[in-house]
Protein chains: 2
Amino acid sequence: MAISFTEENYLKVIHRLSEATSEDISTNAVAELMQTKAASVTDMLRKLADKGWVNYQKYQGVRLSPAGEKIALSIVRKHRLWEVFLVDKMGFNWDEVHEIAEQLEHIESDELVQKLDAYLGFPKTDPHGDPIPNKEGILPELAYLHLSDIKAGKNCILMGVAQDSAVFLQLLTKLNLSLGAKLAIMEINEFDRSFFVSINDAEPIFISHEVAKNILVKILA
Amino acid sequence: MAISFTEENYLKVIHRLSEATSEDISTNAVAELMQTKAASVTDMLRKLADKGWVNYQKYQGVRLSPAGEKIALSIVRKHRLWEVFLVDKMGFNWDEVHEIAEQLEHIESDELVQKLDAYLGFPKTDPHGDPIPNKEGILPELAYLHLSDIKAGKNCILMGVAQDSAVFLQLLTKLNLSLGAKLAIMEINEFDRSFFVSINDAEPIFISHEVAKNILVKILA
DNA sequence: TTTATTTTTTAGGTTAATCTAAAAAATATT
DNA sequence: AATATTTTTTAGATTAACCTAAAAAATAAA
Ligand SMILES: [Mn+2]
Ligand SMILES: [Mn+2]
Ligand SMILES: [Mn+2]
Ligand SMILES: [Mn+2]
């Protein structure tokens with residue numbers, strides 16, 4: 001069955017929202033991420049349900065069907081592989097690739113995806129630390145923690161970010177925070193839950209709680 | 001001004017037809033290449049004229065404006081750069097890349113095109129011997145000849161093909177004909193204008209006039 | 001130079017994806 | 001339990017890109 005870019009984007013958005021909760025996804029939540037109106041979403045959900053890609057009953061919210069999940073994962077796979085390509089091969093910075101990948105993720109060619117994957121050395125994660133689903137659509141569950149949830153005194157490694165926005169990523173770059181950085185939490189300020197963190201054993205720097213919330217880490221043993 | 005994939009494809013098709021002639025391009029010619037109906041073309045030509053990308057007066061045919069020419073050339077540039085990428089980096093054969101490049105040519109990012117160009121080593125031609133327009137949209141005029149127009153006894157080098165179709169390219173591959181091959185024209189058969197040609201000094205093989213017409217060569221001094 | 005044929009345009013519709021405004025259903029608050 | 005608020009859906013339009021059928025213009029043939 002033919003699928004449009006728009007339909008692919010809806011499935012991707014529903015998938016993204018589903019990762020955060022086991023509840024059904026609301027029309028309004030989809031509308032916000034799709035940057036469209038709720039009325040348009042209602043139309044599209046009906047169409048996606050007709051095509052068998054979501055389970056939807058009006059006023060009840062929506063969930064991906066197995067078929068829809070498969071499509072969504074294949075788009076996420078392409079998005080993240082292309083992001084790796086853009087950073088590793090084309091020399092883009094991690095804050096520059098998301099918009100381009102939003103376009104490239106819709107290119108349709110299984111052979112291309114396979115060859116790209118091999119060319120990149122079968123990467124497991126994208127430039128933001130997000131896991132890349134394999135060909136079968138299996139997404140390794142990476143159990144990372146938000147820096148904001150870690151206690152003072154702990155050491156950890158920066159494994160990913162919870163947000164792709166250019167402004168956020170550029171801020172991290174300015175702070176010398178990149179994937180793989182070693183973070184030592186020196187102190188958490190009670191006043192605003194901001195952090196003093198030493199990055200790769202350098203002089204501690206100040207990090208807002210808002211930033212810490214969007215940094216994903218793994219605690220060192 | 002925003003441009004759609006469809007509009008880009010129309011401009012590309014008008015550009016292609018304009019290369020073959022200095023006459024105005026007919027509605028029907030565009031319709032055939034776009035695989036659509038003449039009535040749809042008329043609608044679109046009016047729209048493209050409104051946007052300033054073509055000069056069009058009804059019943060008079062159409063020509064690209066300078067602005068339209070620039071857009072068309074940038075799409076051709078992207079198409080051919082991506083074809084080089086697919087063959088040189090991803091390991092596709094020359095008969096497998098056209099359809100994928102038809103999709104990739106619409107990806108919008110000047111930085112990406114620039115980096116891709118550099119990554120590929122600033123190629124001058126694509127895998128089919130077609131010249132790649134530079135950033136300024138200047139297309140080196142490659143004065144190749146059709147093999148079918150060459151006299152018996154001549155030696156030449158295969159520089160390109162006049163057709164991208166997979167069946168044609170696969171046939172060439174079967175015949176051991178690829179870019180750069182040295183062709184010695186042994187004999188041209190009067191009956192059907194077919195050729196006996198020696199490829200890279202091997203035993204002469206038989207080539208139909210139809211094939212010869214679609215092979216572009218440069219004569220050796 | 002009429003008449004016939006071909007090409008192109010117009011007229012009127014369809015489909016996908018969107019919108020605004022109004023109605024209906026679900027949820028929250030008194 | 002009744003009322004108010006929020007969420008979602010329906011109704012009715014719009015735009016881009018396409019279609020078929022009919023009309024108009026251009027070109028070719030008689
Ligand atoms: Mn991204
Ligand atoms: Mn990413
Ligand atoms: Mn091509
Ligand atoms: Mn080509």
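Quantities reported herein were computed from a predicted structural model and do not represent experimental measurements. So that the names make sense, note that chain A is the first sequence line, chain B the second, and so on, each numbered from 1.
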Exercise. What residues in residues 17-42 of chain B put a non-hydrogen atom under 4.0 Å from any atom of DNA chain D?
Worked result: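 Those residues are B/T36, B/K37, B/A39, B/S40.
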
Rounded to whole Å, how long is the line connecting atom [atom1] of [X] with atom [atom2] of [N]?
X: B/Q60; N: D/dT27; atom1: CD; atom2: C1'; answer: 13 Å
X: A/M44; N: C/dA16; atom1: CE; atom2: C1'; answer: 8 Å
X: A/E7; N: C/dT18; atom1: CD; atom2: P; answer: 10 Å

Presence of [X] side-chain N/O under 4.0 Å of [N] phosphate oxygens OP1/OP2:
X: B/Y56; N: C/dT9; result: yes
X: A/Y10; N: C/dT18; result: yes
X: B/R46; N: C/dT9; result: no
X: A/K58; N: C/dA26; result: no

Problem set entry | Pair A/F5 + A/Y10: ring centers closer than 6.0 Å | no

Problem set entry | Ring centroid separation B/H79 to B/H98 under 6.0 Å |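 Yes.
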
Exercise. Does one side chain, of A/W94 or A/T173, offer a donor that lies under 3.5 Å from an acceptor on the other?
Worked result: yes

Problem set entry | Among C/dT18, C/dT10, D/dT8, the nucleotide that comes nearest once only the side chain of A/D43 is considered | C/dT18

